[in-house]
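See below for the structure under consideration.
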Amino acid sequence: AEDTIKVWDISTGELVRTLHGHNDWVYCLLLQGSHLISGSRDGIIRIWNIVNGQCVRVLRAHKGRAFSVAVDNRRILTTGLDKTIKVWDLAAALDAGSPSDTL
């Protein structure tokens, strides 16, 4: 389905896991260390622990599609169909104990 993300082992070609959580098509992905950041047509950005497959953060980012995601050393930047660019604190977003309203 278009709302899942498949994680493959590139050395063996085997499917490692399927990430479930988005409610619509996944439009963008970015691997950042041991985390995968995904954006969906529903405007949601999810941050996944790629090692265990757990979603560690859900960001209600955009009204409409989340088109792209980028990362520098301190921030996550996302763009969406709503013609906005959102900037998120990377360290806080990766800290599961940090409340979403402080990002």
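- Using a 3.5 Å distance cut-off with no hydrogens or angles, the side chains of Trp48 and Ser38 do pair a donor with an acceptor.
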How far apart are the C-alpha atoms of Leu30 and Val71, what are their side-chain angles, what is the distance that settles it, and do they pass the side chain to side chain contact (heavy atoms under 4.5 Å, CB included) test? CA-CA 8 Å; Leu30 177 75; Val71 172; 3.1 Å; yes
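- Rounding to the nearest 0.5 Å places CG of Leu90 at 10.5 Å from CZ of Arg74.
- Taking CD from Gln32 and CD1 from Ile37, the interatomic distance works out to 6.0 Å, rounded to the nearest 0.5 Å.
- Put simply, CZ on Arg60 and CG on Asp42 are 8.5 Å apart, with the number rounded to the nearest 0.5 Å.
- Note: the hydrophobic cluster containing Ile85 does not contain Leu81 (ILVMFWY, side chain heavy atoms under 4.5 Å, direct or indirect links).
- Under the 4.5 Å side-chain contact rule for hydrophobic residues, Ile5 and Trp25 do not share a cluster.
- Checked by atom type, the side-chain pair Ser68/Thr79 shows a donor-acceptor distance below 3.5 Å.
- A salt bridge links Arg41 to Asp24: one of the charged nitrogens lies within less than 4.0 Å of a carboxylate oxygen.
- Applying the 6.0 Å contact sphere to CG of Leu15 captures more than 12 heavy atoms from other residues, nucleotides or ligands.
- The 12-atom threshold is exceeded at CG of Leu31, counting heavy atoms of other residues, nucleotides or ligands nearer than 6.0 Å.
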Go through the steps for Trp8 and Val16 under the test side chain to side chain contact (heavy atoms under 4.5 Å, CB included), then give the verdict. CA-CA 5 Å; Trp8 299 86; Val16 175; 5.8 Å; no
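- Residues Val51 and Asn49 come closest through the heavy atom pair N-OD1, 2.8 Å.
- Each of Ile76, Ile45, Thr78, Leu77 was scored for a side chain to side chain contact (heavy atoms under 4.5 Å, CB included) with Lys86, with one residue passing: Thr78.
- Atoms CZ and CG, from Arg46 and Leu36 in turn, are 12.0 Å apart once rounded to the nearest 0.5 Å.
- In this structure, the separation between NE2 on His22 and CG on Asp3 is 9.0 Å, given to the nearest 0.5 Å.
- Atoms SG and CG, on Cys55 and Leu19 in that order, are 9.0 Å from each other to the nearest 0.5 Å.
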With side chain to side chain contact (heavy atoms under 4.5 Å, CB included) as the test, would you mind laying out the steps for Arg17 and Val7 before giving the verdict? CA-CA 5 Å; Arg17 68 180 44 86; Val7 179; 4.1 Å; yes
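- Closest approach of Tyr27 and Ala66 over heavy atoms only: CB-O, 3.4 Å.
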Could you walk me through whether Leu94 and Arg57 pass side chain to side chain contact (heavy atoms under 4.5 Å, CB included), step by step? CA-CA 7 Å; Leu94 295 178; Arg57 174 74 64 193; over 6 Å; no
